[in-house]
Amino acid sequence: MSKIAVLGFGVVGSGVVEILGKHAGCIRLRQGDIPEVKYILDIRDFVGVNGNFIKEFSLIENDDEVSIVAETIGGIGAAYEFTKRAILSGKHVVTPNKELVAVHGAELLRLAKENGVKYLFEASVGGGIPIVRPMLRCLSANRITEISGIMNGTCNYILTRMENDSLGFDQALLEAQQKGYAEADPAADIEGKDTCRKICILASIALGKHVYPQNVQVTGIAGITLEVIKEARKKGYAVKLLGRVSCAESAVQASVEPYLVPRSHPFYMVSDVFNAVMVTGSATGEVMFFGRGAGKLPTASAVVADILECCEGDLPEENLFWTDSEGGRQPFGVPISVNKYTFDSGFELPILQTDQF
Ligand code: HSE
């Protein structure tokens, strides 16, 4: 039986433990055995919660029985250090940590390859939506030419509540926090940084080269008022925060910004915490992935799927790899050119093209 350690007992970490317990029946049917949570690492004390809680990472690092580490701490401080130490001590690491993957993905994938272990992060983009593995495996016969999507559940929840229920921005954000959708610091959601990290991960997969967040031009949703949303609606648009990358051979262009999405576009109907990612392949054309993009159990579901993949065998995931590159560090965040709509107030938003729909 594989033994795992869960780092961080927050929203997603506790969801991982919950799913491994509650879904044991269906996991056993498919896998034959259920990974056992040997340790839960957290600096906080949890009263009345069962589990082998520890505060010292070295216990995990030095325990040869633990073969898989689920890093659900988030951020790039302790999470980065523990991920490297886990990989160096021969353990597979799985994570929903988009910030760490977007900033240090090339290095950690290289380190995992050198140490013969897996570094998997299906949950880092789109929460419970399968996107990383389908891009790598099911679309592997394609050159990916464009990726665009609604990739932040918190922002989409806020915009939907404002549009449908005329809720104020702050109240809608509070609800998103209470539902466990927002980041520890929700500025990362609202300012578009979270979407930026996710589009960088998908772009790195598509290009095979690390695409760094600092090179992407990012605008968040702080400027979106109820008046903007109402005027947009009258004109037949929904306001959505989109991450986009266009992977033409000559140049890569990436951006994160709020768009006016016309009724004819599939993104128009994507509301609440739902995310949608549209990937354009050279053979498939547009393929859309849709589902809950944030929240405890959807995100934990993808983390547990990665844990189960690690249980299946020790062969590293050869396809899941991209190189670091100086090219990736060059600014290339030229906004994808689009038509703009000017609101009565003078505020402007780009309009998403819908030629193909
Ligand atoms: N804060 C993120 C979101 C969590 O709202 O989408 C999932 O990555």
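All ligand and atom numbering here is 1-based and tracks the order in the structure.
Judged purely by distance below 3.5 Å, without hydrogens or angles, the side chains of Y80 and E107 pair a donor atom with an acceptor atom.
Between the side chain of K55 and the backbone N or O of I43, at least one donor-acceptor pair lies under 3.5 Å. A donor-acceptor distance shorter than 3.5 angstrom exists from the side chain of N97 to the backbone of G75, with no hydrogens or angles considered. Using a distance-only test at 3.5 Å, with no hydrogens or angles considered, no donor-acceptor pair links the side chain of S148 to the main chain of R244.
Contact annotation: for V273 versus ligand 1, there are no heavy atoms closer than 4.0 Å.
Of the protein's non-hydrogen atoms, the one nearest atom 2 (C) of ligand 1 is E183 OE2, 3.1 Å. Shortest contact from atom 8 (O) of ligand 1 to any protein heavy atom: K98 NZ, 2.6 Å.
Taking a 4.0 Å cut-off on heavy atoms, G127 fails to register as neighbouring ligand 1.
Heavy-atom contacts of A294 reach the following atoms of ligand 1: 3 (C), 4 (C), 5 (O), 6 (O), 7 (C) (cutoff under 4.0 Å). Proximity to G293 (heavy-atom distance under 4.0 Å) selects the following atoms of ligand 1: 6 (O), 7 (C). Ligand 1 places these atoms under 4.0 Å from at least one heavy atom of D194: 2 (C), 6 (O). Numbered from 1 in the order shown, with element, the atoms of ligand 1 that lie under 4.0 Å from a heavy atom of T154 read 1 (N), 3 (C), 5 (O). Near K198, meaning under 4.0 Å from any of its heavy atoms, are these atoms of ligand 1: 2 (C), 3 (C), 6 (O), 7 (C), 8 (O). Taking a cut-off of under 4.0 Å to the non-hydrogen atoms of N152, the atoms of ligand 1 that pass are 2 (C), 3 (C), 5 (O), 6 (O). For ligand 1, the atoms sitting less than 4.0 Å from at least one non-hydrogen atom of Y181 are 1 (N), 2 (C), 3 (C), 4 (C), 5 (O), numbered in the order shown with element in parentheses.
For D189, a nitrogen or oxygen atom sits less than 3.5 Å from a nitrogen or oxygen atom of ligand 1, counting backbone and side chain alike. By the 3.5 Å distance cut-off applied to N or O atoms, G153 is counted among the residues near ligand 1.
When all heavy atoms of V66 and K38 are compared, the closest pair comes out as CG2-CD, 4.2 Å. Considering every non-hydrogen atom in both F347 and G223, the closest pair reads CZ-O, 3.8 Å. The shortest non-hydrogen separation linking I68 to C311 is CD1-SG, 3.7 Å.
Residues passing the salt bridge (charged side-chain N to carboxylate O under 4.0 Å, His left out) test with E227, sequence neighbours excluded: none.
Geometrically, K179 does not engage Y157 in a cation-pi contact defined by less than 6.0 Å to the ring centre and at most 45° from the axis.
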